Colleague: 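My structure is below; once you've seen it, I'll send some questions.
Remember, predicted model here, so these are calculated numbers, not experimental data. One is the number of the first residue; the rest follow in order along the sequence.
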Amino acid sequence: MISKSKSFSRRAGALFLVGTVLGGSAAPLLAQDAPQAQPAPSAPAPQPAPATPAPAPAGQPPEAAIPAPPPAERIIRSIAVRGNQRLEPETIRAYANLSPGQTYTAQSLDQALKDLYATQLFADVTIAGADTGNLVIAVRENPVINRIILEGNKRLKDDKITPEIKLAPRQIFTRSAVRADVDRILELYRRQGRFAARVDPKIVQLDQNRVDVVFEIYEGDLAKVRAINILGNTHYSDERLRKEMYTRQTGGLLGFLKSNDTYDPDRLAADQQKLRAFYLTEGYADFRVVQALAELTPDRRDFVITYVVEEGPRYRFGTVEADSALRDFPNAQVLQVAKIKPGGWFDAKQVEDAVTNLNEAAGNLGYAFADINPAYNRDAEKRVMNLTIRVAPTPRVYVERIDVTGNTTTRDKVIRREFRLNEGDAFNALKVKRSQDRIQSLGFFQEKFEVKQSEGSAPDRVVLTANVEEKPTGQLSLSGGYSSLERFVVQLAVSQNNFMGKGQALNASVNWSVYSKSVELGLVDPYFLDKSILVGANVFRRDYRSFNFVGNNRNTTYSQTSTGGAIRMGFPITEYWSFGGRYTLSNDKISLDKASFYTDPDGTGPLPAKCDPIKAGRYLCDEIGTKLTSLIGLSTIYDDTDGIRPTRGQRLTLSEDFAGLGGDVRYLRSRIDATKYHSLGGGWVVSAHGEGGYIHPLRKAPEGSESDAVRITDRFFDPGLRGFDIRGIGPRIQRVPYNTDGTLNLDEARITDALGGRAYYMGRLELEFPVSSGLKSLGLRPSAFIDVGSLWNVRQPSLLDVKFICSPTATNTTNLISFTSPVSNCSVDDAGAPHTPADFASSPGFKEFFLGNSAKPRLSVGVGVNWVSPFGPLRIDVAKALLHQRGDDTKLFSFNVGTQF
């Protein structure tokens, strides 16, 4: 036993000597795994110990193991700090948890090193002097960040990347923080589909231990989806299933237009849900995606996506039963609303729609929180899905209160007055939906507004919350554009549809184009004196220049100047019916350009200047003059559509206008306008529109005039058929020139004047296509349409048939009038009066034809798109006229920018 103790003392002394040498070195102190013992001062040199102890003699117990001695402890005499620049020595000592007079071991010094590194303030730390107790802590501080610089980023701008970077100026630089920021930047690019992106952090050393951190970014190309493979599908082809996914394979004729052919992990998860939803609608209730694998190609440019699916058997609906605990919502009514028939293929979407309809039906009965759950009982052997629709007992609910939030400009009362329920009323889901539609139709708030329902202070109480997000309702714009009708258009408009937050509409506008100019000021209050009465007024000045066609060129014919004002009033009769009246007083003046359409416009001839039928046509000469129109009108409107851009509902307008309450004009004008909207789901919206009108004159045409009893400015002109030019259908006068030999020249340019009509009709069937959320946010709405209509019913004017036109020559200073002649030498006019042939020059005349006065339909088909562009509303249409009549002006392409459509 004694020899063994001596041997242990020798080994401990050797360990102490080794520890002393390590403690006095300049290398950092590392954690010691083996314990150290303090040897006796006179310990002899250590001897090698046997590899294994000798076995105990037989019959004696084994020798007990010798316990390890405790670590050697020493006292800290002093602590010096070297290398610090910004930090005080006391701060560093505090981080190290060391102080003079404190005992220490190798383990405690190792822990001090770890504590100092954990502060992330130091790039390097060493502790020397462990053999003497005079410790020296040598540090090299981490630099301070001066600025963060991004280089090479083009697809993602600085304002998108900077929020993800946690490093910031005046912070301490650490390599771990840089690596974390690199990972966050790369994750941003991966979300964009750029998996080849690379970020190289660089450090620029500055004075005073400062650095600039530069992230050099190599963005790389978008990672496309090269292929989508599906394994395990037997009932549907890969191509059919790919159509159900959001993700598309890259390539194809129009591949450059795709935005969903890039790899997106979130879209990958959504595609799995789409696949499951598709199979569930086709009866495969056991369908599951076993595995979804996305593999990056070796060049890191594309992905190959593979789905492993398990379809399972196809199920039919078995028994369909109802179990309703609501007395006034019996089982028979539940099944009637659900509309699920036994024997059909199982369709999870049909069940989901049935639950939605049942919740709405229960809400209409006052059950705001109806508990409706479908219970399935799968019979795998018969492959049927038995369904039980359970309606749990629920109390009737009453509206506890209505909260309005989010409105900063719009007053509460403007929103509350659109609610069809009041606080304390029985809850009704139909009225809540109607309230939501009315608030959305105001046009003051962002789309997708919804009235939220939450439980009140008791189970039979509900709180309705209208959390609105306001959008700008005022507009000050100076815009320009180009119209296929009016050529260049300039518009200056000031409007506020929510004036002072009261819901009033105030507008002032100035419009100028080649063919029209107008100035208008108006105000409308939809709730006058806080009553459900609409009151509005406006004053206007409009200058309109009509035109005709000479070949393919437009020429101005008559000018119409209207100055006046209007007042109107309306009120609701029921929730969807409203009634309104209006009064308009307008002074209308029709004139012709004297230089172009008058005889002797300078007044130098023997006869006074007057409208020349040869130049203008007798039908225009009869319209010249000023008339005062005093008109009173009535309208009734039915409208249950769901917003500004309807997807469901219908709108019907009946209007009657009587001109003759004083003034110079007498007629009765009737109009009807109806539109039906229906959503087909998935963003498809079909609409059917029809309108028509008729004007009945209440006085005859002036004596001696062969024009119609309804003035040209009061007639209908353009029913809005696409595929035809503006004023391209309806009654018109066409002038065909004569040749010198007296035959009609059907190939030369013709003059065409539109006369308008007293009756018209127009029908339109339009299908609006779904678009991506990105295109929808841009305001794009593409559609296909079929238009049909006609314009007719005007009295045929007196037509001219002029063989020769005789015009004064330059040497003729006495007889400066033009006249028609049956002979080419201008020796006699049509009345038989003689003339001196030398005073006049002869030219071939023309013959007028009256065309287009027929109720037969015109028909066109085409596609178009509405776009709320930064330059104003834009409408583009491409339409082909399939049915037209002689004299109609067809047009394949038309667009309009800068004016309302």
Colleague: According to ring-ring contact (aromatic ring centres under 6.0 Å, His included), does anything in residues 295-333 pair up with another residue at least two apart or in another chain? List the pairs.
Modeller: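 Sorted result for residues 295-333: Phe195-Phe303, Tyr263-Phe303, Phe317-Phe346.
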
Colleague: Can a donor-acceptor pair be found, under 3.5 Å and without considering hydrogens, that links the side chain of Arg248 to the backbone of Arg242?
Modeller: yes

Colleague: Hey, is Glu244 close enough to Arg240 for a salt bridge, meaning N to O under 4.0 Å?
Modeller: yes

Colleague: Between Glu418 and Leu442, does a side chain to side chain contact (heavy atoms under 4.5 Å, CB included) hold up when you go through it step by step?
Modeller: CA-CA 9 Å; Glu418 302 299 331; Leu442 292 174; 3.8 Å; yes

Colleague: Is the shortest distance from a Lys or Arg side-chain nitrogen in Asp379 or Arg383 to a carboxylate oxygen in the other one below 4.0 Å?
Modeller: no

Colleague: Is Glu352 salt-bridged to Lys349, cutoff N-O under 4.0 Å?
Modeller: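 The answer is no: the pair does not qualify as a salt bridge.
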
Colleague: Indicate yes or no for a side-chain donor-acceptor contact from Gln273 to the backbone of Ala270 under 3.5 Å, with no hydrogens or angles considered.
Modeller: no

Colleague: Between Asp639 and Arg651, is the salt bridge (Lys or Arg N to Asp or Glu O under 4.0 Å) condition met? List the steps.
Modeller: CA-CA 4 Å; Asp639 188 351; Arg651 182 185 297 120; 3.3 Å; yes

Colleague: Do Asn467 and Thr465 pair up side chain to side chain, a donor and an acceptor below 3.5 Å, judged on atom types alone?
Modeller: no

Colleague: Run the salt-bridge test on Lys160 and Asp158 with the 4.0 Å N-O cut-off and return the result as yes or no.
Modeller: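 No, this pair does not count.
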
Colleague: Among all residues two or more places apart in sequence or in another chain, which pass the ring pair (Phe, Tyr, Trp, His ring centres under 6.0 Å) test with Phe444?
Modeller: none

Colleague: In Å, rounded to the nearest 0.5 Å, how long is the span from CG of Leu231 to CG of Asp238?
Modeller: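 Output value for this atom pair is 8.0 Å.
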
Colleague: Is a salt bridge present between Asp221 and Arg194, judged by a nitrogen-to-oxygen distance below 4.0 Å?
Modeller: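 Judged by the 4.0 Å cut-off on N to carboxylate O distance, Asp221 and Arg194 do not form a salt bridge.
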
Colleague: Among residues at least two apart in sequence or on other chains, which ones pass side chain to side chain contact (heavy atoms under 4.5 Å, CB included) with Leu186?
Modeller: Val182, Arg190, Ala197, Val199

Colleague: Should Arg226 and Gln249 be marked as a side chain to side chain contact (heavy atoms under 4.5 Å, CB included) after you check the CA-CA gap, both sets of side-chain angles, and the distance that decides it?
Modeller: CA-CA 6 Å; Arg226 182 177 298 178; Gln249 294 182 150; over 6 Å; no

Colleague: If I compare all heavy atoms of Gly649 with all of Thr641, which pair ends up nearest, and what's the gap?
Modeller: C-CG2, 4.0 Å

Colleague: Under a 4.0 Å N-O cut-off, is there an ion pair linking Lys224 with Asp261?
Modeller: yes

Colleague: Can you tell me which residue among Arg316, Arg314, Arg276 is in a salt bridge (Lys or Arg N to Asp or Glu O under 4.0 Å) with Glu282?
Modeller: Arg314

Colleague: Say whether Asp323 and Asn331, considering side chains only, have a donor N or O and an acceptor N or O under 3.5 Å apart.
Modeller: no

Colleague: Is it true that Glu219 and Lys154 have a side-chain N and a carboxylate O under 4.0 angstrom from each other?
Modeller: no

Colleague: Take Glu164 and Arg184, measure what salt bridge (Lys or Arg N to Asp or Glu O under 4.0 Å) needs, and give me the verdict at the end.
Modeller: CA-CA 6 Å; Glu164 296 295 325; Arg184 278 188 283 267; 5.4 Å; no

Colleague: Give the C-alpha distance, both sets of side-chain angles, the deciding distance and a yes or no for ring-ring contact (aromatic ring centres under 6.0 Å, His included) between Tyr236 and Tyr279.
Modeller: CA-CA 10 Å; Tyr236 298 98; Tyr279 271 96; 5.6 Å; yes

Colleague: Does Tyr246, at its OH atom, have more than 12 non-hydrogen atoms belonging to other residues, nucleotides or ligands within less than 6.0 Å?
Modeller: no

Colleague: For Arg147, does the CZ atom sit with more than 12 other heavy atoms under 6.0 Å from it, leaving out its own atoms?
Modeller: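 Atom CZ in Arg147 is not crowded, with 12 or fewer foreign heavy atoms closer than 6.0 Å.
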
Colleague: Regarding Asp347 and Thr281, do their side chains bring together a donor and an acceptor under 3.5 Å, going by distance alone?
Modeller: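 No - no donor-acceptor pair under 3.5 Å links their side chains.
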
Colleague: Are Ile165 and Leu150 close enough, and set up right, to give a side chain to side chain contact (heavy atoms under 4.5 Å, CB included), and what steps lead you there?
Modeller: CA-CA 11 Å; Ile165 298 177; Leu150 300 174; 3.8 Å; yes

Colleague: Just checking, is any N or O donor in the side chain of Glu295 or Thr306 under 3.5 Å from an acceptor N or O on the other one?
Modeller: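 On atom types as modelled, these side chains do not qualify, holding no pair under 3.5 Å.
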
Colleague: Does Lys339 offer a backbone N or O that forms a donor-acceptor pair with the side chain of Gln350 under 3.5 Å?
Modeller: yes

Colleague: Mark yes or no for whether Asp371, through its side chain, and Ala392, through its backbone, hold a donor-acceptor pair below 3.5 Å.
Modeller: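 Answer holds: no.
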
Colleague: Does the distance from a Lys or Arg side-chain N to an Asp or Glu carboxylate O, for Arg461 and Glu455, drop under 4.0 Å?
Modeller: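 No, no charged N to carboxylate O under 4.0 Å.
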
Colleague: Walk me through it: do Thr262 and Arg267 pass the test side chain to side chain contact (heavy atoms under 4.5 Å, CB included)?
Modeller: CA-CA 10 Å; Thr262 58; Arg267 195 186 298 146; 3.9 Å; yes

Colleague: Under a 4.0 Å threshold between the charged nitrogen and the carboxylate oxygen, would Glu766 count as salt-bridged to Arg722?
Modeller: yes

Colleague: What are the two closest heavy atoms between Ala784 and Val863, and how far apart are they?
Modeller: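 For Ala784 and Val863, the tightest heavy-atom pair comes out as CB-CG1, 4.0 Å.
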
Colleague: Could Arg378 and Asp286 be called an ion pair, given the rule that one side-chain N must be under 4.0 Å from one carboxylate O?
Modeller: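 Here Arg378 pairs with Asp286 in a salt bridge, since their nearest N and O are under 4.0 Å apart.
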
Colleague: Could you give the distance from NZ (Lys114) to OG1 (Thr119), rounded to the nearest 0.5 Å?
Modeller: 15.0 Å

Colleague: What I'd like to find out is whether the side chain of Ile389 reaches to under 4.5 Å of the side chain of Leu358, using heavy atoms alone.
Modeller: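 Of all side-chain heavy-atom pairs linking Leu358 with Ile389, at least one is under 4.5 Å.
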
Colleague: Pick one: which of Val213, Asp212, Thr174, Ile172 meets side chain to side chain contact (heavy atoms under 4.5 Å, CB included) with Ile145?
Modeller: Val213

Colleague: Taking only residues two or more places apart in sequence or in another chain, which ones pass ring pair (Phe, Tyr, Trp, His ring centres under 6.0 Å) with Phe427?
Modeller: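 Partners of Phe427 by the ring pair (Phe, Tyr, Trp, His ring centres under 6.0 Å) criterion come out as none, since no residue qualifies.
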
Colleague: Please report the closest heavy-atom contact between Ala338 and Ala354, naming both atoms and the distance.
Modeller: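 Looks like O-CB, 3.7 Å.
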
Colleague: Is there a donor-acceptor pair under 3.5 Å between the side chain of Asp877 and the backbone N or O of Ala879?
Modeller: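 Between the backbone of Ala879 and the side chain of Asp877 there is no qualifying donor-acceptor contact (under 3.5 Å).
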
Colleague: Is the backbone N or O of Val685 less than 3.5 Å from a side-chain atom of His678, with the two atoms forming a donor-acceptor pair by type?
Modeller: no

Colleague: Checking Asp271 now: which residues fulfil salt bridge (Lys or Arg N to Asp or Glu O under 4.0 Å) with it, not counting sequence neighbours?
Modeller: none

Colleague: Above 12 or not: heavy atoms from other molecules or residues under 6.0 Å from CZ of Arg396?
Modeller: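 Yes - once you tally the heavy atoms of other residues, nucleotides and ligands closer than 6.0 Å, there are more than 12.
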
Colleague: Between Gln440 and Phe449, is there a donor-acceptor pair closer than 3.5 Å when you use the side chain of the first and the backbone of the second?
Modeller: yes

Colleague: Please check if the number of heavy atoms outside Lys676 that lie under 6.0 Å from its NZ is greater than 12.
Modeller: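 For Lys676, atom NZ is crowded (more than 12 foreign heavy atoms under 6.0 Å).
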
Colleague: So, using ring pair (Phe, Tyr, Trp, His ring centres under 6.0 Å) as the criterion, who are the partners of Tyr367 when residues are at least two apart?
Modeller: none

Colleague: For Leu326 and Pro393, work out which heavy atoms get closest and say how close.
Modeller: CD2-CA, 4.1 Å

Colleague: In terms of side-chain geometry, is the basic nitrogen of Lys452 or Glu450 positioned less than 4.0 Å from the acidic oxygen of its partner?
Modeller: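 Yes, this pair counts.
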
Colleague: Is any side-chain N of the basic residue among Arg764 and Asp787 closer than 4.0 Å to the acidic one's carboxylate O?
Modeller: yes

Colleague: One pair to check against ring-ring contact (aromatic ring centres under 6.0 Å, His included): His235 and Tyr284. What are the steps and the verdict?
Modeller: CA-CA 10 Å; His235 296 90; Tyr284 296 91; 5.1 Å; yes

Colleague: Output the distance between atom CG (Leu765) and atom OG (Ser687), rounded to the nearest 0.5 Å.
Modeller: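 Going from the CG atom of Leu765 to the OG atom of Ser687 covers 7.0 Å.
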
Colleague: Could you check whether any side-chain N or O of Asp642 sits under 3.5 Å from a backbone N or O of Thr647, counting only pairs where one atom can act as donor and the other as acceptor?
Modeller: yes

